[in-house]
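These numbers come from a predicted model, not from an experiment. Whatever order the structure lists ligands and atoms in, that order sets their numbers, starting from 1.
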Amino acid sequence: MKQYNFWFVVGSQFLYGNEVLETVEARAKEMAEKMSRSLPFPLLYKVTAKTNKEITDIVKEANYDDTCAGIITWCHTFSPSKMWINGLANLAKPYCHFATQYNREIPNDEIDMDFMNLNQAAHGDREHGFIAARLRMPRKVIAGFWADKEPLKRIGDWMKAAVGVAVSKDLKVMRFGDNMREVAVTEGDKVEVQTKLGWQVNTWAVGDLVKEMNAVTEAEIDALVKEYLSEYDVNTPNMEAIRYQAREEIAMQKMMDREGCLAFSNTFQDLYGMEQLPGLASQHLMAKGYGYGGEGDWKVSAMTAIMKAMGEGGNGASAFMEDYTYHLEAGREYSLGAHMLEVCPSLAGDKPRIETHHLGIGMNEKDPARLVFEGKEGPAIVVSLVDMGGRLRLIVQDIECVKPIMPMPNLPVARVMWRAMPDLTTGVECWITAGGAHHTVLSYDVSAEQMKDWARMMDIEFVHITKDTTVDGLEKELFLNDLAWKLK
Ligand code: MN
């Protein structure tokens with residue numbers, strides 16, 4: 001992944017004289033340095049902006065610097081906002097307004113009019129906020145003392161969402177085979193998605209993948225199998241199936257790396273020339289940070305790659321998931337999520353084991369090897385991006401993952417069990433009302449607030465199903481959203 005950074009742009013003006021400006025600059029530098037120690041990406045102090053030109057110049061620079069993932073502004077003093085208009089109107093990077101103040105407390109004895117002129121973020125940040133509101137800028141507003149944990153955590157979370165924007169704008173998806181026949185929700189307008197989100201979604205022939213697979217050497221396979229054995233338990237005598245998955249993984253990764261793709265999709269309906277649907281192969285690629293979607297679902301594949309990149313260390317616990325079946329016992333209602341094979345081990349609560357089983361769906365000549373495990377407990381979200389025709393809708397639902405309440409010894413795939421918010425049936429009614437897909441990205445690592453920030457920066461509709469959501473309220477929201485997005 002690229003080494004991203006963020007730029008600290010501090011607003012001021014000439015009114016107060018040089019001494020004040022020097023103090024502002026020194027303090028802004030100190031704050032950026034100290035804050036960087038608690039942030040996931042460096043915050044680089046850039047300028048104390050006093051003129052229209054300085055602001056316009058720094059915005060131009062930020063727009064063209066690939067390592068700059070966003071700007072954070074703050075007004076130590078008053079900074080008249082008409083001089084921000086030309087710059088902000090051209091800003092193409094994520095934008096956060098941090099409303100803070102250098103001093104934590106009002107100094108009782110020391111405070112006089114000089115102090116008031118130097119420390120006036122309380123009104124400077126209001127002037128700054130107005131112009132962004134007036135320009136209808138997509139932005140994040142965070143208020144708090146700059147040395148405190150809470151605002152730093154929120155800035156850090158926003159930074160990760162902004163990196164999700166950078167990854168999205170750069171994202172290439174490799175499709176092996178088309179969308180599963182007749183399926184609607186996994187379809188979408190690729191031209192619209194590229195315009196809006198930046199994704200380059202293109203197809204490669206399964207025959208080319210088979211050619212690549214045939215060129216993989218035994219030595220390459222030995223090395224990858226060794227890696228599998230160091231990371232996972234083996235619960236099958238069928239080493240040939242494991243070696244075949246290694247061959248598939250190596251070939252797919254070579255093709256993706258050659259094209260600069262960070263995500264891929266395939267379909268069990270198009271495995272011509274392959275003996276097994278990639279299972280372990282896709283799972284291990286996901287563990288490395290590649291996005292994946294089954295049945296040709298390139299949207300969920302791209303979202304998986306982006307959300308992984310938004311997570312801890314640039315590869316968090318986010319994975320392609322599918323709602324399979326319910327447990328509807330009163331008082332213990334749960335969803336069971338899984339997939340035919342391809343659940344990412346970043347979700348695992350125990351050590352994954354490699355198994356081989358028959359797979360009846362698709363044209364598998366041989367039993368595919370796959371990782372089997374239980375998902376871990378804890379709060380999480382499920383995310384679905386759907387194409388509403390003319391616009392994209394991002395649906396996020398809060399969930400609580402639990403240790404699966406039964407061992408299900410004959411289920412030959414990885415599984416995750418959760419309680420959807422606000423409760424199973426209301427949650428299902430809300431999800432279905434909003435048009436959410438059966439495929440999702442499940443994440444323990446990325447929050448709903450981060451997905452909201454990401455959706456706002458990408459300028460797409462955002463719907464959040466929480467513990468407080470009702471079907472009535474949601475229907476109203478969707479109706480109003482529909483009107484608003486037609487006008488937009
Ligand atoms: Mn599926």
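- Looking only at protein N/O/S atoms, the ones less than 2.8 Å from the Mn ion (ligand 1) make 4 in total.
- One distance of note links CD of Gln200 with SG of Cys261; it measures 8.5 Å at 0.5 Å rounding.
- For Asp423, there are no salt bridge (charged side-chain N to carboxylate O under 4.0 Å, His left out) partners two or more places apart in sequence or in a different chain.
- Contacts of Ser443 classified as side-chain contact (heavy atoms from CB on, under 4.5 Å), with partners at least two apart in sequence or in another chain: Met307, Ser318, Ile381, Asp445, Val446.
- Within the structure, side-chain hydrogen bond (donor to acceptor under 3.5 Å, both in side chains) contacts touching residues 283-292 (residues at least two apart or in different chains) are Glu231-His284, Glu249-His284, Glu249-Lys288, Gln253-Lys288, Gln253-Tyr290, Asp257-Tyr290, Asn266-Tyr292, Tyr292-Glu342.
- How far NE2 of His464 is from CE of Met451: 11.0 Å, rounded to the nearest 0.5 Å.
- Comment: Glu275 engages Lys366 in a salt bridge, judged by a side-chain N to carboxylate O separation of less than 4.0 angstrom.
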